[in-house]
2 protein chains.
Amino acid sequence: MPPRKTSENAGSSGRGTLGRPATISDVARLAGVSVGTASKALNGRGSLREETRRRVRSAADELGFQPNTAALTLNSGRTYTVGMITTDTIGRFSIPLMTGAEDSLGAGRMSVFLCDARDDPIREQYYLRTLLSRRVDGIIVTGRRTQARAPIGVDLPVPVVYAFISSTDPNDCSVVPDEAGGARKAVDHLLALGRRRIAHVTGPEHHHSAAVRASAAVERLAESGLDLVGAPLFGEWSEAWGRQATGILLGAGEEFDAVFCGSDQIARGVADALRAAGRRVPDDVALVGFDNWDVMALACQPPLTSIDMELEGLGRTAADLLLAAINGEPAPGRHVSPCRLVLRESTAVSVLPGSTRVEQV
Amino acid sequence: MPPRKTSENAGSSGRGTLGRPATISDVARLAGVSVGTASKALNGRGSLREETRRRVRSAADELGFQPNTAALTLNSGRTYTVGMITTDTIGRFSIPLMTGAEDSLGAGRMSVFLCDARDDPIREQYYLRTLLSRRVDGIIVTGRRTQARAPIGVDLPVPVVYAFISSTDPNDCSVVPDEAGGARKAVDHLLALGRRRIAHVTGPEHHHSAAVRASAAVERLAESGLDLVGAPLFGEWSEAWGRQATGILLGAGEEFDAVFCGSDQIARGVADALRAAGRRVPDDVALVGFDNWDVMALACQPPLTSIDMELEGLGRTAADLLLAAINGEPAPGRHVSPCRLVLRESTAVSVLPGSTRVEQV
DNA sequence: GAAAATTAGGAAACCGGTTGCCTTGAGAAC
DNA sequence: GTTCTCAAGGCAACCGGTTTCCTAATTTTC
């Protein structure tokens, strides 16, 4: 019985290295078995002689056979792919989140579709449709702000996990940093150092993170019967604002021995302005930042004690929750994950320059 | 003639919104036509009555039908997907590259697989196999350093474009910034300001970018019959090194009226140290950085003139070249794309504070 | 030596689309 | 009334795998 198509397989040369990738038919033909048998041999199914399996395997090796994922998807229904949508531009916060998520997913042999929606709802919906059309197994939604946002879609056919940002629908699964807890840790630390006159400089009042961190700080002080020095100074997330706010603090005449800042950039501005004004950090004024952004915290003079939101861990957690949901074990609700205090010279008088210590909390 | 499978479609409710996504069979059934006809109706093929097309389209809308990409892939051979491998961890340089690439690719209705190889050759090869198994239409390789690297694979069945980094194989397609040209622009600018005693502080001597930028600067000065003040100061890519190098320069006793720095971080360190030493920027010493990293350049006192490598444009170019190669028009070789000088106060005496001007070059 | 049990591997359906070819039916031409 | 034309749409092959079912050959059993 001659093979039906004699046209293409006249020469057996070069199929594996050149031209189109090898298919399982190529493997089967080379091994002298049927396609079904080849499939069984490669997947350890069916009942085959060991010698046959070996022959098929070596044929596959020779041709560099890699199963076509589209075909696998078509009859398993699974794509082993998840979509990751950053609702706003990929930036400093998204990177560790993505890295962490990619880490967990890669270990689970999942691939990641990257979508950058750039704060544009239309792009967001476009990407959502694209991902659904590609039948991703799940979706991770991230963003630059922790503030809750409207769900990206309702009744979606795949599980969705929100990372860093959260969904306004309490039944959605969100993973967020415990910013309030982080702020409390910062104040705790300053209090433990014996500082009692603590000021707070942070970002815009309408910014969720600024508001949460500020009120947590105030609350923690109140628990110790203390007040903030002045009101929280709301401004921008910039060094320039840090410098400016320091001027305001110094000009107000009220003494202060510590400043808790809403971001490392602000803290750095404060540090520069304090130094320019002749105040020593940490001797006269202890300083704590937020974000633990290495570029800022380490370049600051002196290096900055800061709160780390552990974004990479957050990304991993989000991915793990998504994998669980894909496997039929969803964990709806807000999952809050703790922040970590990172000690550096800006609060520790006796630490050697350049060293970094992490407090166990 | 009753339908063969009566089991599943007893109730017509909810198919579109719940359960598994609608297939073209669902659409065909609802519209009362065959699957083939439904396909033709939705794609504008074949010869059908307009009324039939409308009926099918509205059935598709009602069910929220999105064609299964795996099925499309299977018979077109194309996945409309490209892989993006960052050879080292996703970072500050990768982001604009990715954003730019994603921009061009998204416009071409391609999706992007993100792979973070973290400087690990094993991860790199793992991801490469994964991408090939998924039959991506092409691959973009990026990295943190511009230095040429060994090709990620040989005789790959899909086109590859290297962005920012380049391949040691001159037949591969690479897109790289013209760092030497950027350095020349920086020196040009300082010379145009009348500065003649220019120093250079930069990163590690063994780092490709540091070496290229330094020798281009020296060369440009030589063309004007000038020498650098002292030798290039090679160190680290950090603010601390910028401060330290400034100390060296000041201590050497040789006068200088400008410093060209290998990075914005270094430049910022230099600016801080100069100010601490009582030298005014730009009046006494003009300062040019490299990278145009907004966080550094804008927070610097005064804001920093810098060289922008236009990474987002680079990413777009890489994506465009990849798309061209996918469509059968490869453009092998190194493609060098120009840098841009961004003017700020650190070199421009009469510029209003806070404003940014871009020189046309 | 014949019937039963076991094993190895092939044939074909299926996943969800696309497309070439063929059939059907209606209107036009004679 | 019969043949020809052409539009409309159905049928089935195909893409590349997996899996179920079945057949053929071998071995076991009595």
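Within every chain, numbering begins at 1; the chains are lettered A, B, ... in the order of the sequence lines, protein sequences first and strands thereafter.
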- Message: In whole Å, I'd like the distance from the CZ atom of Arg134(A) to the P atom of dG16(C).
- Response: 18 Å
- Task: Give a yes/no answer on whether the side chain of Thr37(A) brings an N or O atom under 4.0 Å of OP1 or OP2 in dG9(C).
- Result: no
- Which heavy-atom pair separates Tyr127(A) from Asp116(A) by the least distance, and what is that distance? CE1-O, 3.4 Å
- Query: Distance from Thr87(B) atom OG1 to Phe164(B) atom CZ, nearest 0.5 Å?
  - Reply: 10.5 Å
- Task: Measure from the side chain of Ser47(B), starting at C-beta and using heavy atoms only, and say which of dG10(D), dA7(D), dC15(C) lies closest.
- Result: dA7(D)
- Salt bridge Arg145(B)-Asp88(B), side-chain N to carboxylate O under 4.0 Å: no
- Can you tell me how far C1' of dC15(C) sits from CG of Asn75(B), to the nearest Å? 12 Å
- Starting at CD of Glu51(A) and ending at C1' of dG9(C), how long is that distance when rounded to a whole Å? 13 Å
- Task: Look at the side-chain N and O atoms of Ser25(B) and state whether any lies under 4.0 Å from the OP1 or OP2 oxygen of dG16(C).
- Result: no
- Message: Please pick, from dC11(D), dG17(D), dC15(D), the nucleotide with the shortest atom-to-atom distance to any side-chain atom of Leu74(B).
- Response: dC15(D)
- Task: Looking only at side-chain atoms of Ile24(A), point me to the closest of dG17(C), dG10(D), dG17(D).
- Result: dG17(D)
- Scan Thr73(B) against the nucleic acid and name what it touches under 4.0 Å (heavy atoms): base, sugar-phosphate only, or nothing. nothing
- For Gln66(B) and dG16(C), give me the distance from atom CD to atom C1', rounded to whole Å. 14 Å
- Message: For the residue pair Arg134(A) / Ser111(B), report whether a side-chain donor-acceptor contact shorter than 3.5 Å exists.
- Response: yes
- On DNA chain D, nearest-nucleotide positions of Lys40(A) versus Glu50(B): which is more 5'? Glu50(B)
- Query: Within the pair Thr52(B) and dG9(D), is there a side-chain N or O less than 4.0 Å away from OP1 or OP2?
  - Reply: yes
- Query: Once you round it to whole Å, what is the distance between C1' of dC6(D) and CG of Leu48(B)?
  - Reply: 15 Å
- Task: Kindly point out which of dG10(D), dT19(C), dT18(D) is positioned nearest to the side chain of Leu72(A)?
- Result: dT18(D)
- Item | Residue met sooner reading DNA chain C from 5', once Ala38(B) and Arg53(A) are mapped to nucleotides | Arg53(A)
- To the nearest Å, give me how far apart CZ (Arg78(B)) and P (dC15(D)) are. 19 Å
- Query: Which is true for Val35(A) with a 4.0 Å heavy-atom rule: it touches a base, it touches only sugar-phosphate, or it touches nothing?
  - Reply: base
- Take the protein atom CZ of Arg55(B) and the nucleotide atom P of dA8(D), then report the distance between them rounded to whole Å. 13 Å
- Item | Exercise: do Thr69(B) and Ser133(A) side chains pair donor with acceptor under 3.5 Å | yes
- dG17(C) C1' sits how many Å from Tyr80(B) OH, rounded? 14 Å
- Query: Would you call Arg118(A) and Asp103(B) a salt bridge, using N to O less than 4.0 angstrom?
  - Reply: yes
- Message: Quick check on dA8(D): is either OP1 or OP2 less than 4.0 Å from any side-chain nitrogen or oxygen of Arg49(B)?
- Response: no
- For dT18(C), does either OP1 or OP2 sit under 4.0 Å from a side-chain N or O belonging to Asn43(B)? yes
- Does OP1 or OP2 of dT18(C) have a side-chain N or O of Arg45(B) closer than 4.0 Å? no
